[in-house]
K.L.:
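I am attaching a structure below and will ask some questions about it afterwards.
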Amino acid sequence: MTTLTHRPDTLTRDALAVLQPGFHGTTAPDWLLRRIGEGLTSVGLFGRNIHTPAQLAALTAQLRAERDDILVAIDEEGGDVTRLEVREGSSFPGNYALGSVDDVELTRAVARELGSRLAACGVNLNWAPSADVNSDVNNPVIGVRSFGADPALVARHTAAYVEGLQSAGVAACTKHFPGHGDTAVDSHLALPRIDVGVDTLHARELAPFRSAITAGSKSVMSAHILLSALDPDRPATLSPRILTGLLREELGFGGLIVTDGIEMQAIASTYGIERGSVLAIAAGVDAICVGGGLADEGTVLRLRDALVDAVREGELPEERLADAAARVRALADWAHRVRGASGPGAAVQEGTAPGAGTSAAGRPDVGLVAARRAVRVTGTVEPLQEAPYVASFAAVANIAVGDETPWGVAAELTALLPGTEAGTYGSGSGAAEVLAAAGERRIVAVVRDLHRHSWMAAVLDGIREARPDTAVVEMGVNHAEPAGSPHIATYGAAPVCGRAAAEVLTGRSV
């Protein structure tokens, strides 16, 4: 336990309480433990902090030795966006796959199982689910993270996900309010703008958030997007009209409001993180998420001091900061009580993967069940009898997904057909290169969001012209016309989705 030489004043403790910082390493650094002792109430975890489930459980236990009710948050959507299995790929398909199946009980079961695994590792706040309606099929950052383009479908699956996750004792954080689906810009890189009318926003973007609130979502994450019909001047994260007027007063949300990463360029390049944090708290935010890019003590101190100075200078009402800190502590108390009532979760053994495809009783995991149900096949499947050549076409991954998590079907096909060979191709590649590498082997072409990448479509056309029996596996948004013999859509790129596709291609199970 860290020993303090002095007790910070109430204002400083409140300023620390509203921060959700990240850090580097697989154990907690001394500076973080000191700040927890001084009032820090939340910590955010990222892929860089996680090596194994047992290590993660030890890390969260280390944090709780400093503060037993600490909120330990993570960005674990499942599917393409995973931190728990960042080096292996998720054991669960993501929202798009679940939406394509459209079985709310399955969605609830997947969220419950994911929540159980998080709880067993000591995580009690998940920055999920994404409740965005993916109405722009070219959206560069949401895509398969959304349940789909139909507001009613997204609403019912968002509610089921919230219920499933929180039934496991992990608080949901429904995002990205008031809806990031109709954007052509990634808010990690710039400020997106949505220019539709209020009626459209209420009927489309807000429908899933209403359902999440009704389902009892403990927290909501704000989006760094400008919605001109609601506030033409400030992005949602910094807008009192949107966070206090709409979310709090009109929609009746009483839980924790968390920002998306405050260091994302939509805020950082326009307002700066210090000014952005002050404006966010003033607008109605309760917790500042920071740490995806800036994960050091200096960042925490800069934000703490900016909030304290804003109160002392009369720019930020002290009662607003105190209210925000109280909401953070209230959620921490809920999570602590739930954990105490249910126990700290199942013991995690060193070296044990979070999910291996089958349960302890030998039944398929719900993630694999869901991935299999999500697969859609167009054309006739002639099962592969010999090891194929897998050509994966890789566009630059968006920041939310990252580029360190494996995806595709090559590993899964290799498990079924030893000797399978594979290559990865980028925008400078051509069909001749793929054909030469494949030789006489049958080609399995793996794409993500084919409709968004003209170079990918051109290469695929060239391959199919020379080799009409090429099988195509679409692991992103399934918008392009089906092409291939057969065409297999998995609605996500997690390894569990690849396994389901491999089973279809071979007619056998791994």
K.L.:
Given 3.5 Å as the limit, does a donor-acceptor pair link the side chain of Ser116 with the main chain of Arg112, or not?
P.N.:
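Indeed, once roles are kept as given, a pair shorter than 3.5 Å links the two residues.
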
K.L.:
Just checking, any donor-acceptor pair under 3.5 angstrom between side chains of Thr82 and Ser90?
P.N.:
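Not at all, the side chains of Thr82 and Ser90 share no donor-acceptor pair under 3.5 Å.
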
K.L.:
So, Arg210 and Glu205, do they make that salt bridge, N to O below 4.0 Å?
P.N.:
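Between Glu205 and Arg210 there is no salt bridge, as every charged N stays at least 4.0 Å from the carboxylate O atoms.
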
K.L.:
I want to check something: taking the side chain as every heavy atom from C-beta on, are Thr378 and Pro486 in contact at a cut-off of under 4.5 Å?
P.N.:
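Thr378 vs Pro486: side chains apart.
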
K.L.:
Taking C-beta and beyond as the side chain, do Val285 and Val258 meet within less than 4.5 Å on heavy atoms?
P.N.:
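Of all side-chain heavy-atom pairs linking Val258 with Val285, none is under 4.5 Å.
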
K.L.:
Answer whether the closest heavy-atom distance between the side chains of Pro388 and Leu413 falls below 4.5 Å.
P.N.:
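Answer yes - side chains close enough.
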
K.L.:
Just checking, any donor-acceptor pair under 3.5 angstrom between side chains of His451 and Asn478?
P.N.:
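Looking only at side-chain atoms, Asn478 and His451 do not form any donor-acceptor pair under 3.5 Å.
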
K.L.:
Kindly say whether Ile257 contributes a backbone atom to a donor-acceptor pair with the side chain of Asp286 at under 3.5 angstrom?
P.N.:
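At least one qualifying donor-acceptor pair exists.
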
K.L.:
Kindly indicate whether the side chain of Pro208, heavy atoms from C-beta on, has any atom under 4.5 Å from the side chain of Val133.
P.N.:
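Yes, close enough: below the 4.5 Å cut-off.
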
K.L.:
Closest approach of Ser211 and Ala159, non-hydrogen atoms and distance?
P.N.:
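For Ser211 versus Ala159, the nearest heavy atoms are O-CB, 3.9 Å.
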
K.L.:
Hey, can you tell me if Tyr425 and Phe393 have their rings parallel, tilted or perpendicular (30° and 60° cut-offs)?
P.N.:
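It falls in the tilted class, 30° to 60°.
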
K.L.:
Under the criterion side-chain contact (heavy atoms from CB on, under 4.5 Å), which of Ile225, Asp260, Ile267, Thr270 is the partner of Pro235?
P.N.:
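Passing option: Ile267.
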
K.L.:
Apply side chain to side chain contact (heavy atoms under 4.5 Å, CB included) to residues Val144 and Tyr491 and explain how you reach the verdict.
P.N.:
CA-CA 7 Å; Val144 297; Tyr491 296 85; over 6 Å; no

K.L.:
Judged by modelled atom types alone, do His180 and Arg145 share a side-chain donor-acceptor pair under 3.5 Å?
P.N.:
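No, no side-chain donor-acceptor pair sits under 3.5 Å.
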
K.L.:
Are the side chain of Asp449 and the backbone N or O of Val477 linked by a donor-acceptor pair below 3.5 Å?
P.N.:
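Yes, because the side chain of Asp449 sits within donor-acceptor range (under 3.5 Å) of the backbone of Val477.
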
K.L.:
Do Asp323 and Arg320 sit within salt-bridge range, that is, some charged N less than 4.0 Å from a carboxylate O?
P.N.:
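Looking at Asp323 and Arg320, the cut-off is met.
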
K.L.:
Any chance you could lay out the side chain to side chain contact (heavy atoms under 4.5 Å, CB included) test for Ile50 and Ile74, step after step, and finish with the verdict?
P.N.:
CA-CA 11 Å; Ile50 300 168; Ile74 199 169; 3.6 Å; yes

K.L.:
Side chain to side chain donor-acceptor pair (under 3.5 Å) between His24 and Asn49: does it pass, once the steps are laid out?
P.N.:
CA-CA 7 Å; His24 292 283; Asn49 304 122; over 6 Å; no

K.L.:
Using a distance-only test with no angle check, is there a side-chain donor-acceptor pair under 3.5 angstrom linking Asn134 and Ser146?
P.N.:
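On atom types as modelled, these side chains do not qualify, holding no pair under 3.5 Å.
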
K.L.:
Taking Arg376 for the side chain and Ala374 for the main chain, is one N or O donor matched with an acceptor at less than 3.5 Å?
P.N.:
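Flag set: sc Arg376 to bb Ala374 pair under 3.5 Å.
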
K.L.:
Salt bridge or not for Glu503 and Arg372, using N-O below 4.0 Å?
P.N.:
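Yes, this pair counts.
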
K.L.:
Checking salt bridge (Lys or Arg N to Asp or Glu O under 4.0 Å) for the pair Arg83/Glu76: CA distance, chi angles, key distance, verdict?
P.N.:
CA-CA 6 Å; Arg83 312 303 179 218; Glu76 181 58 49; over 6 Å; no

K.L.:
So, the side chain of Asp365 versus the backbone of Gly367: is there a donor-acceptor pair under 3.5 Å, distance only?
P.N.:
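Not a single qualifying donor-acceptor pair exists.
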
K.L.:
If you measure from the Lys or Arg side-chain nitrogens to the Asp or Glu carboxylate oxygens, is any gap between Asp132 and Lys175 under 4.0 Å?
P.N.:
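No salt bridge links Asp132 with Lys175.
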
K.L.:
With rounding to the nearest 0.5 Å, note down the distance linking CZ in Phe92 to CG in Leu114.
P.N.:
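Spacing of CZ (Phe92) from CG (Leu114) equals 5.0 Å.
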
K.L.:
Locate the shortest heavy-atom distance separating Asn124 from Ala335; write the atom from each residue and the value.
P.N.:
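Looking at all heavy atoms of both residues, the shortest contact is ND2-CB, 3.6 Å.
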
K.L.:
Is it the case that Ser91 and Glu85 place a side-chain donor and acceptor less than 3.5 Å from each other?
P.N.:
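Yes, because at least one side-chain N or O of Ser91 sits under 3.5 Å from a partner of the opposite role on Glu85.
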
K.L.:
For the backbone of Ala172 and the side chain of Gln166, can you confirm whether one donor and one acceptor N or O come within less than 3.5 Å of each other?
P.N.:
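Confirmed, Gln166 side chain pairs with Ala172 backbone.
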
K.L.:
Roughly how far apart are Leu165 CG and Thr107 OG1, rounded to 0.5 Å?
P.N.:
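Nearest 0.5 Å value for the CG-OG1 distance: 12.5 Å.
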
K.L.:
When rounded to the nearest 0.5 angstrom, what distance separates CG in Leu279 from CD in Glu274?
P.N.:
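Nearest 0.5 Å value for the CG-CD distance: 11.5 Å.
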
K.L.:
CH2/Trp334 to NZ/Lys218 distance, rounded to the nearest 0.5 angstrom?
P.N.:
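Here the interatomic distance stands at 5.5 Å.
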
K.L.:
Just so I know, are the side chains of Thr200 and Val198 near enough to count as touching, which here means a heavy-atom distance under 4.5 Å?
P.N.:
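No; the side chains remain at least 4.5 Å from each other.
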
K.L.:
Is there a donor-acceptor contact under 3.5 Å linking the side chains of Thr259 and Thr237?
P.N.:
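No.
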
K.L.:
Evaluate salt bridge (Lys or Arg N to Asp or Glu O under 4.0 Å) for Arg464 paired with Asp469, printing each intermediate quantity in order.
P.N.:
CA-CA 7 Å; Arg464 292 181 57 247; Asp469 65 344; over 6 Å; no

K.L.:
Between the main-chain N or O of Pro240 and the side-chain N or O of Arg234, is there a donor-acceptor pair closer than 3.5 Å?
P.N.:
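Checked: no pair found.
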
K.L.:
Any side-chain to backbone donor/acceptor pair from Thr405 onto Val86? Under 3.5 Å, distance only.
P.N.:
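It does hold such a pair.
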
K.L.:
Can you tell if the side chain of Leu384 reaches within under 4.5 Å of the side chain of Val444, non-hydrogen atoms only?
P.N.:
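Counting from C-beta outward, Leu384 and Val444 do come under 4.5 Å.
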
K.L.:
Do Pro129 and Val162 come within less than 4.5 Å of each other through their side chains, counting heavy atoms only?
P.N.:
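Result yes, sub-4.5 Å side-chain heavy-atom pair found.
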
K.L.:
For Thr244 versus Ala283, what's the shortest heavy-atom pair and its separation?
P.N.:
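Scanning both residues, the minimum pair turns out to be OG1-O, 2.7 Å.
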
K.L.:
Given side chains that start at C-beta, do those of Pro178 and Leu227 come closer than 4.5 Å, heavy atoms only?
P.N.:
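Yes, their side chains come closer than 4.5 Å.
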
K.L.:
Could you tell me the separation between the OG atom of Ser130 and the NE2 atom of His176, rounded to the nearest 0.5 Å?
P.N.:
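Going from OG on Ser130 over to NE2 on His176, the span is 5.5 Å.
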
K.L.:
Looking only at non-hydrogen atoms, find the nearest pair between Val123 and Val72 and report the distance.
P.N.:
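For Val123 versus Val72, the nearest heavy atoms are CG1-O, 3.3 Å.
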
K.L.:
Distance from Thr299 atom OG1 to Phe23 atom CZ, nearest 0.5 Å?
P.N.:
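Between atom OG1 of Thr299 and atom CZ of Phe23 there are 14.5 Å.
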
K.L.:
Give the minimum heavy-atom separation between Ile463 and Ala431, together with the two atoms involved.
P.N.:
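Distance-wise, the nearest heavy atoms are N-CB, 3.7 Å.
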
K.L.:
Is the backbone of Ile242 close enough, under 3.5 Å, to the side chain of Arg248 for a donor and an acceptor to pair up by distance?
P.N.:
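No.
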
K.L.:
Do the side-chain N and O atoms of Asn139 and Thr183 include a donor-acceptor pair separated by under 3.5 angstrom?
P.N.:
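Present: a donor and an acceptor within the cut-off.
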
K.L.:
Would you say the side-chain atoms of Trp127 and Gln20 include a donor-acceptor pair closer than 3.5 Å?
P.N.:
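Indeed, the side chains of Trp127 and Gln20 share at least one donor-acceptor pair under 3.5 Å.
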
K.L.:
Could you check Met475 against Val447 for side chain to side chain contact (heavy atoms under 4.5 Å, CB included), going step by step and ending with a plain yes or no?
P.N.:
CA-CA 6 Å; Met475 304 193 82; Val447 297; over 6 Å; no

K.L.:
Would you please test Thr380 and Glu382 for side chain to side chain contact (heavy atoms under 4.5 Å, CB included) and show each step?
P.N.:
CA-CA 6 Å; Thr380 302; Glu382 295 291 341; 4.0 Å; yes

K.L.:
Identify the heavy atoms of Leu19 and Val300 that sit nearest to each other, and give their distance.
P.N.:
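Looking at all heavy atoms of both residues, the closest pair is CD1-O, 3.7 Å.
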
K.L.:
Spell out, as yes or no, whether a donor-acceptor pair under 3.5 Å connects the side chain of Arg442 to the backbone of Ala471.
P.N.:
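Absent.
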
